[in-house]
Amino acid sequence: DLVENFASSTASERRYGYVSAACNGVYYNPSITYKPPVKADGTSYPAASFVAAKLDGFDASATATVVDLRTNFKAYESSGGPSGGGVNDTAQTAYYYIYQGTNQPLSYTYLADGKEDKKNKLYIECSTQITTKLDDDGLAIKPKWVFKKVVIKDSASADAQNFANWYSYYRSRINTMKSSVGWAFKNMPHPENFRIGFSTHRYTGVDSTNVSFQQIADFCGIDGTICDQRTQFYQKLYAAQPGGFTPLRSAMSKIGRMYAGKLLTGANDPVQYSCQQNFMVMATDGFGGLAHSGRAPWWAWVGGLAGAV
(Lines give C-alpha, C1' and ligand atoms only; values in the text may rest on other atoms or scores of the structure.)
Protein backbone atom coordinates (compact mmCIF):
# COMPACT_ATOMS: atom_id res chain seq x y z
CA ASP A 1 0.00 0.00 0.00
CA LEU A 2 0.95 3.66 -0.24
CA VAL A 3 0.16 4.84 3.29
CA GLU A 4 2.98 7.39 3.44
CA ASN A 5 1.52 9.13 0.38
CA PHE A 6 -1.78 9.78 2.13
CA ALA A 7 -0.66 10.73 5.66
CA SER A 8 -0.21 14.37 6.62
CA SER A 9 0.90 16.45 9.57
CA THR A 10 -2.05 18.88 9.51
CA ALA A 11 -5.78 18.30 9.77
CA SER A 12 -6.43 20.45 6.68
CA GLU A 13 -4.31 18.13 4.53
CA ARG A 14 -5.61 14.75 5.75
CA ARG A 15 -6.42 12.42 2.87
CA TYR A 16 -9.02 9.69 2.54
CA GLY A 17 -6.45 7.15 1.47
CA TYR A 18 -4.91 6.71 4.89
CA VAL A 19 -8.15 5.91 6.70
CA SER A 20 -9.83 3.51 4.28
CA ALA A 21 -8.93 -0.13 3.74
CA ALA A 22 -9.64 0.35 0.03
CA CYS A 23 -6.54 2.53 -0.19
CA ASN A 24 -4.46 1.48 2.81
CA GLY A 25 -4.37 -2.29 3.15
CA VAL A 26 -3.23 -2.09 6.78
CA TYR A 27 -6.11 0.11 7.94
CA TYR A 28 -9.21 -1.29 9.65
CA ASN A 29 -11.46 -3.27 7.35
CA PRO A 30 -14.91 -4.06 8.85
CA SER A 31 -15.29 -7.08 6.56
CA ILE A 32 -12.34 -8.79 8.30
CA THR A 33 -12.57 -10.40 11.73
CA TYR A 34 -9.42 -9.50 13.67
CA LYS A 35 -8.70 -12.33 16.05
CA PRO A 36 -6.32 -11.80 18.96
CA PRO A 37 -2.98 -13.54 18.31
CA VAL A 38 -2.08 -16.88 19.85
CA LYS A 39 0.63 -17.83 22.32
CA ALA A 40 3.08 -20.73 22.08
CA ASP A 41 0.69 -23.03 23.95
CA GLY A 42 -2.17 -22.28 21.53
CA THR A 43 -4.18 -20.05 23.89
CA SER A 44 -5.13 -16.59 22.70
CA TYR A 45 -4.10 -13.16 23.83
CA PRO A 46 -6.96 -11.27 25.52
CA ALA A 47 -9.43 -9.38 23.38
CA ALA A 48 -8.50 -5.71 23.30
CA SER A 49 -10.57 -3.18 25.23
CA PHE A 50 -12.21 -0.38 23.26
CA VAL A 51 -11.92 1.95 26.26
CA ALA A 52 -8.34 0.96 27.10
CA ALA A 53 -6.72 -0.51 23.99
CA LYS A 54 -2.98 -1.04 24.06
CA LEU A 55 -1.03 0.90 21.47
CA ASP A 56 1.03 -2.27 21.10
CA GLY A 57 -0.90 -5.36 22.09
CA PHE A 58 2.32 -7.34 22.48
CA ASP A 59 3.65 -4.99 25.15
CA ALA A 60 3.20 -6.91 28.41
CA SER A 61 4.89 -4.28 30.59
CA ALA A 62 3.08 -2.46 33.38
CA THR A 63 3.81 0.82 31.60
CA ALA A 64 2.27 -0.16 28.26
CA THR A 65 0.49 2.74 26.57
CA VAL A 66 -3.30 2.36 26.49
CA VAL A 67 -5.74 4.49 24.52
CA ASP A 68 -9.44 5.19 25.06
CA LEU A 69 -10.78 4.76 21.54
CA ARG A 70 -13.94 6.66 22.47
CA THR A 71 -12.02 9.94 22.65
CA ASN A 72 -8.30 9.60 21.91
CA PHE A 73 -8.01 7.55 18.74
CA LYS A 74 -5.46 8.79 16.20
CA ALA A 75 -5.21 7.12 12.82
CA TYR A 76 -1.55 8.12 12.67
CA GLU A 77 0.82 9.86 15.04
CA SER A 78 4.40 11.00 15.46
CA SER A 79 4.87 9.51 18.92
CA GLY A 80 6.62 6.47 17.49
CA GLY A 81 5.68 3.01 18.66
CA PRO A 82 4.57 0.40 16.15
CA SER A 83 2.51 2.88 14.16
CA GLY A 84 4.77 5.93 14.04
CA GLY A 85 5.65 7.86 10.94
CA GLY A 86 6.26 11.47 11.86
CA VAL A 87 2.68 12.68 11.35
CA ASN A 88 -0.28 13.47 13.60
CA ASP A 89 -4.01 12.88 13.38
CA THR A 90 -6.47 14.70 15.64
CA ALA A 91 -7.54 12.78 18.77
CA GLN A 92 -11.19 11.75 18.31
CA THR A 93 -13.64 8.84 18.42
CA ALA A 94 -12.45 5.79 16.46
CA TYR A 95 -13.45 6.00 12.83
CA TYR A 96 -12.89 4.60 9.36
CA TYR A 97 -14.07 5.22 5.83
CA ILE A 98 -15.99 2.77 3.65
CA TYR A 99 -15.25 2.98 -0.06
CA GLN A 100 -18.37 3.25 -2.23
CA GLY A 101 -16.66 3.80 -5.57
CA THR A 102 -16.38 1.58 -8.63
CA ASN A 103 -12.64 0.91 -8.64
CA GLN A 104 -11.17 -2.27 -7.23
CA PRO A 105 -9.67 -1.67 -3.77
CA LEU A 106 -5.87 -1.42 -3.76
CA SER A 107 -5.86 -1.49 -7.58
CA TYR A 108 -2.90 0.84 -7.96
CA THR A 109 -0.74 0.79 -11.07
CA TYR A 110 2.93 1.56 -11.40
CA LEU A 111 5.16 3.15 -14.00
CA ALA A 112 8.24 1.62 -15.61
CA ASP A 113 10.50 3.29 -13.03
CA GLY A 114 8.59 1.63 -10.18
CA LYS A 115 6.83 4.78 -9.01
CA GLU A 116 3.08 4.89 -8.48
CA ASP A 117 0.91 6.09 -11.34
CA LYS A 118 -0.71 9.23 -9.92
CA LYS A 119 -3.19 9.25 -12.81
CA ASN A 120 -4.65 5.96 -11.59
CA LYS A 121 -8.35 6.53 -10.80
CA LEU A 122 -8.23 4.91 -7.36
CA TYR A 123 -5.04 6.79 -6.48
CA ILE A 124 -6.73 10.09 -7.37
CA GLU A 125 -9.69 9.27 -5.12
CA CYS A 126 -7.49 8.10 -2.25
CA SER A 127 -5.22 11.13 -2.40
CA THR A 128 -8.12 13.57 -2.17
CA GLN A 129 -8.05 15.79 0.92
CA ILE A 130 -10.73 15.12 3.53
CA THR A 131 -13.34 17.89 3.73
CA THR A 132 -16.65 18.30 5.54
CA LYS A 133 -18.47 18.81 2.27
CA LEU A 134 -17.17 15.58 0.76
CA ASP A 135 -18.00 13.74 3.98
CA ASP A 136 -21.56 15.06 3.73
CA ASP A 137 -21.73 14.01 0.08
CA GLY A 138 -20.63 10.51 1.10
CA LEU A 139 -23.49 10.27 3.60
CA ALA A 140 -26.14 11.35 1.10
CA ILE A 141 -28.91 8.93 0.09
CA LYS A 142 -27.35 8.88 -3.37
CA PRO A 143 -23.76 9.63 -2.42
CA LYS A 144 -21.88 12.05 -4.63
CA TRP A 145 -18.60 11.08 -3.02
CA VAL A 146 -16.99 7.66 -2.88
CA PHE A 147 -15.98 7.53 0.82
CA LYS A 148 -18.42 7.24 3.71
CA LYS A 149 -17.21 7.99 7.23
CA VAL A 150 -18.16 5.56 10.00
CA VAL A 151 -17.70 6.71 13.60
CA ILE A 152 -17.86 3.93 16.20
CA LYS A 153 -20.13 5.47 18.83
CA ASP A 154 -21.25 2.27 20.58
CA SER A 155 -18.26 0.98 22.54
CA ALA A 156 -20.12 -2.27 23.31
CA SER A 157 -20.81 -3.16 19.67
CA ALA A 158 -19.19 -5.99 17.74
CA ASP A 159 -17.64 -3.41 15.43
CA ALA A 160 -16.03 -1.68 18.42
CA GLN A 161 -14.56 -4.97 19.66
CA ASN A 162 -13.24 -5.82 16.21
CA PHE A 163 -11.77 -2.32 15.84
CA ALA A 164 -10.05 -2.60 19.24
CA ASN A 165 -8.48 -5.94 18.27
CA TRP A 166 -7.25 -4.39 15.03
CA TYR A 167 -5.88 -1.38 16.89
CA SER A 168 -3.82 -3.40 19.36
CA TYR A 169 -2.77 -6.38 17.24
CA TYR A 170 -2.93 -5.43 13.54
CA ARG A 171 -2.75 -1.65 13.22
CA SER A 172 0.91 -1.58 12.23
CA ARG A 173 2.72 -3.68 9.65
CA ILE A 174 4.98 -5.24 12.29
CA ASN A 175 2.03 -6.27 14.47
CA THR A 176 0.10 -7.63 11.49
CA MET A 177 3.13 -9.77 10.69
CA LYS A 178 3.46 -11.03 14.27
CA SER A 179 -0.22 -11.90 14.63
CA SER A 180 -0.40 -13.59 11.22
CA VAL A 181 2.78 -15.63 11.67
CA GLY A 182 1.68 -16.72 15.14
CA TRP A 183 -1.60 -18.04 13.74
CA ALA A 184 0.13 -19.69 10.77
CA PHE A 185 2.47 -21.69 13.00
CA LYS A 186 -0.37 -22.66 15.32
CA ASN A 187 -2.32 -24.14 12.42
CA MET A 188 0.55 -25.85 10.57
CA PRO A 189 0.05 -29.64 10.27
CA HIS A 190 2.43 -31.95 12.13
CA PRO A 191 4.81 -29.27 13.46
CA GLU A 192 6.77 -32.01 15.23
CA ASN A 193 8.09 -33.04 11.81
CA PHE A 194 9.85 -29.69 11.31
CA ARG A 195 12.98 -28.00 12.54
CA ILE A 196 12.42 -24.26 12.87
CA GLY A 197 14.47 -21.23 13.92
CA PHE A 198 14.17 -17.45 13.96
CA SER A 199 16.25 -14.40 13.11
CA THR A 200 15.56 -10.71 12.59
CA HIS A 201 16.94 -8.97 9.50
CA ARG A 202 19.29 -6.72 11.41
CA TYR A 203 20.90 -9.23 13.76
CA THR A 204 24.12 -10.49 12.19
CA GLY A 205 25.03 -13.10 14.78
CA VAL A 206 23.95 -16.66 15.58
CA ASP A 207 23.71 -16.55 19.37
CA SER A 208 20.45 -18.03 20.66
CA THR A 209 20.78 -16.14 23.94
CA ASN A 210 20.06 -13.01 21.89
CA VAL A 211 16.39 -11.98 21.65
CA SER A 212 16.81 -11.57 17.88
CA PHE A 213 17.91 -15.12 17.06
CA GLN A 214 16.97 -18.73 17.76
CA GLN A 215 18.99 -21.44 16.05
CA ILE A 216 17.15 -24.13 14.10
CA ALA A 217 16.06 -27.09 16.21
CA ASP A 218 13.25 -29.64 16.51
CA PHE A 219 9.85 -27.98 16.74
CA CYS A 220 6.67 -29.36 18.34
CA GLY A 221 2.92 -28.95 18.43
CA ILE A 222 0.65 -27.78 21.23
CA ASP A 223 -0.40 -31.26 22.31
CA GLY A 224 1.22 -32.40 25.52
CA THR A 225 4.32 -30.66 26.86
CA ILE A 226 5.30 -27.53 24.91
CA CYS A 227 8.94 -27.78 23.85
CA ASP A 228 11.36 -24.96 24.63
CA GLN A 229 12.01 -24.37 20.91
CA ARG A 230 8.37 -23.46 20.33
CA THR A 231 8.31 -21.21 23.39
CA GLN A 232 11.48 -19.40 22.32
CA PHE A 233 10.24 -18.99 18.76
CA TYR A 234 7.02 -17.29 19.84
CA GLN A 235 8.71 -15.14 22.47
CA LYS A 236 11.30 -13.82 20.02
CA LEU A 237 8.79 -13.39 17.20
CA TYR A 238 6.53 -11.23 19.39
CA ALA A 239 9.48 -9.29 20.86
CA ALA A 240 10.81 -8.23 17.42
CA GLN A 241 10.86 -4.49 16.75
CA PRO A 242 11.19 -2.62 13.43
CA GLY A 243 14.24 -0.50 12.63
CA GLY A 244 15.23 2.25 10.28
CA PHE A 245 16.75 0.11 7.55
CA THR A 246 15.97 -3.06 5.59
CA PRO A 247 19.07 -5.25 5.05
CA LEU A 248 17.31 -8.06 3.19
CA ARG A 249 20.23 -9.32 1.10
CA SER A 250 22.67 -9.50 3.98
CA ALA A 251 19.98 -11.21 6.08
CA MET A 252 19.44 -13.81 3.36
CA SER A 253 23.18 -14.25 2.99
CA LYS A 254 23.48 -15.06 6.70
CA ILE A 255 20.84 -17.78 6.46
CA GLY A 256 22.47 -19.20 3.33
CA ARG A 257 25.86 -19.33 5.01
CA MET A 258 24.26 -20.96 8.03
CA TYR A 259 22.78 -23.71 5.85
CA ALA A 260 26.17 -24.07 4.15
CA GLY A 261 27.88 -24.83 7.47
CA LYS A 262 29.80 -21.57 7.54
CA LEU A 263 28.32 -20.20 10.77
CA LEU A 264 27.04 -23.15 12.82
CA THR A 265 28.74 -26.54 12.85
CA GLY A 266 28.60 -29.85 14.66
CA ALA A 267 25.50 -30.38 16.78
CA ASN A 268 24.35 -26.85 16.00
CA ASP A 269 24.45 -27.34 12.22
CA PRO A 270 20.87 -26.92 10.93
CA VAL A 271 21.51 -29.45 8.13
CA GLN A 272 21.45 -33.00 9.48
CA TYR A 273 21.03 -35.02 6.28
CA SER A 274 22.41 -34.70 2.77
CA CYS A 275 18.92 -34.87 1.24
CA GLN A 276 17.37 -32.45 3.72
CA GLN A 277 15.25 -29.66 2.25
CA ASN A 278 15.86 -26.20 3.72
CA PHE A 279 13.77 -23.06 3.40
CA MET A 280 13.69 -19.49 4.56
CA VAL A 281 10.45 -17.54 5.05
CA MET A 282 11.11 -13.78 5.03
CA ALA A 283 8.72 -11.07 6.21
CA THR A 284 9.46 -7.48 5.19
CA ASP A 285 7.57 -4.22 4.69
CA GLY A 286 9.67 -2.97 1.80
CA PHE A 287 12.56 -3.29 -0.60
CA GLY A 288 16.04 -4.02 0.72
CA GLY A 289 18.47 -1.19 1.46
CA LEU A 290 21.74 -0.73 3.29
CA ALA A 291 22.95 -3.43 5.61
CA HIS A 292 23.21 -0.86 8.40
CA SER A 293 21.81 2.63 8.23
CA GLY A 294 24.49 5.04 7.08
CA ARG A 295 27.10 2.30 6.83
CA ALA A 296 28.40 -0.06 4.19
CA PRO A 297 26.00 -1.59 1.65
CA TRP A 298 24.97 -5.24 1.90
CA TRP A 299 27.71 -6.57 -0.37
CA ALA A 300 30.38 -5.09 1.87
CA TRP A 301 28.83 -6.80 4.90
CA VAL A 302 28.76 -10.13 3.05
CA GLY A 303 32.49 -9.63 2.52
CA GLY A 304 32.78 -11.42 -0.80
CA LEU A 305 31.82 -14.75 0.76
CA ALA A 306 28.78 -15.35 -1.45
CA GLY A 307 30.91 -17.20 -3.97
CA ALA A 308 32.32 -19.45 -1.27
CA VAL A 309 28.83 -20.37 -0.15
Side-chain angles (χ1 to χ4, degrees), residues 26 32-48 54 56-60 82 162 165-166 168-242 248 251-285 309:
V26 182
I32 295 175
T33 299
Y34 296 93
K35 299 184 295 184
V38 292
K39 302 176 183 179
D41 62 2
T43 60
S44 295
Y45 273 70
K54 285 187 177 182
D56 180 0
F58 294 98
D59 185 351
N162 200 37
N165 287 344
W166 166 79
S168 292
Y169 299 120
Y170 297 89
R171 180 186 182 214
S172 63
R173 286 174 283 199
I174 184 67
N175 279 4
T176 293
M177 183 278 295
K178 291 178 183 180
S179 298
S180 301
V181 171
W183 272 105
F185 277 83
K186 176 184 183 296
N187 294 327
M188 67 184 297
H190 303 292
E192 69 279 0
N193 293 337
F194 292 86
R195 289 167 53 79
I196 295 172
F198 174 82
S199 180
T200 63
H201 298 166
R202 292 174 292 159
Y203 181 61
T204 60
V206 289
D207 181 2
S208 288
T209 63
N210 191 291
V211 70
S212 297
F213 183 82
Q214 183 67 23
Q215 71 180 45
I216 294 173
D218 292 345
F219 209 59
C220 66
I222 57 176
D223 298 328
T225 303
I226 304 299
C227 61
D228 184 64
Q229 185 69 2
R230 186 182 185 93
T231 300
Q232 291 296 323
F233 173 83
Y234 271 86
Q235 286 179 350
K236 294 180 180 183
L237 168 68
Y238 291 159
Q241 294 297 325
L248 302 186
M252 289 189 288
S253 175
K254 184 183 85 169
I255 302 304
R257 296 182 67 212
M258 189 173 67
Y259 283 141
K262 303 290 184 180
L263 299 179
L264 293 171
T265 59
N268 294 326
D269 191 334
V271 179
Q272 296 184 326
Y273 307 99
S274 60
C275 59
Q276 177 178 317
Q277 290 184 311
N278 302 290
F279 303 93
M280 178 188 70
V281 178
M282 174 174 280
T284 177
D285 69 346
V309 173

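Along the sequence shown, residues carry numbers from 1.
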Please check this pair: side chain of [X] against backbone of [Y], looking for a donor-acceptor N/O pair closer than 3.5 Å.
X: S179; Y: Y170; value: no
X: S168; Y: D56; value: no
X: K186; Y: V38; value: no

Mind checking side-chain contact (heavy atoms from CB on, under 4.5 Å) for [X] and listing every partner two or more places apart, or none if nothing turns up?
X: D218; result: R195
X: D41; result: K39, T43, I226
X: N210; result: Y203, S212
X: E192; result: H190

| query | By ring pair (Phe, Tyr, Trp, His ring centres under 6.0 Å), which residues pair with F198, not counting sequence neighbours? | reply |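 Testing F198 for ring pair (Phe, Tyr, Trp, His ring centres under 6.0 Å), a comparison that skips the adjacent residues, returns none.
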| said: So, using ring pair (Phe, Tyr, Trp, His ring centres under 6.0 Å) as the criterion, who are the partners of F219 when residues are at least two apart? | reply: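 For F219 the ring pair (Phe, Tyr, Trp, His ring centres under 6.0 Å) partners, ignoring immediate neighbours, are F233.
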Just jot down the side chain to side chain donor-acceptor pair (under 3.5 Å) partners of [X], sequence neighbours excluded, or say none.
X: Q215; value: N268
X: Q277; value: none
X: K236; value: Q214
X: D207; value: T209

| query | Do the side chains of H201 and T284 get nearer than 4.5 Å, heavy atoms only? | reply |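 With C-beta onward as the side chain, the pair touches.
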| Test ring-ring contact (aromatic ring centres under 6.0 Å, His included) applied to F185 and Y234, step by step | CA-CA 9 Å; F185 277 83; Y234 271 86; 7.2 Å; no
| task | Mind checking salt bridge (Lys or Arg N to Asp or Glu O under 4.0 Å) for D228 and listing every partner two or more places apart, or none if nothing turns up? | result |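 Checked D228 against salt bridge (Lys or Arg N to Asp or Glu O under 4.0 Å); zero matches.
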| field | salt bridge (Lys or Arg N to Asp or Glu O under 4.0 Å) contacts touching residues 269-282 (sequence neighbours left out) | value |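 Residue pairs with at least one partner in residues 269-282: there are none.
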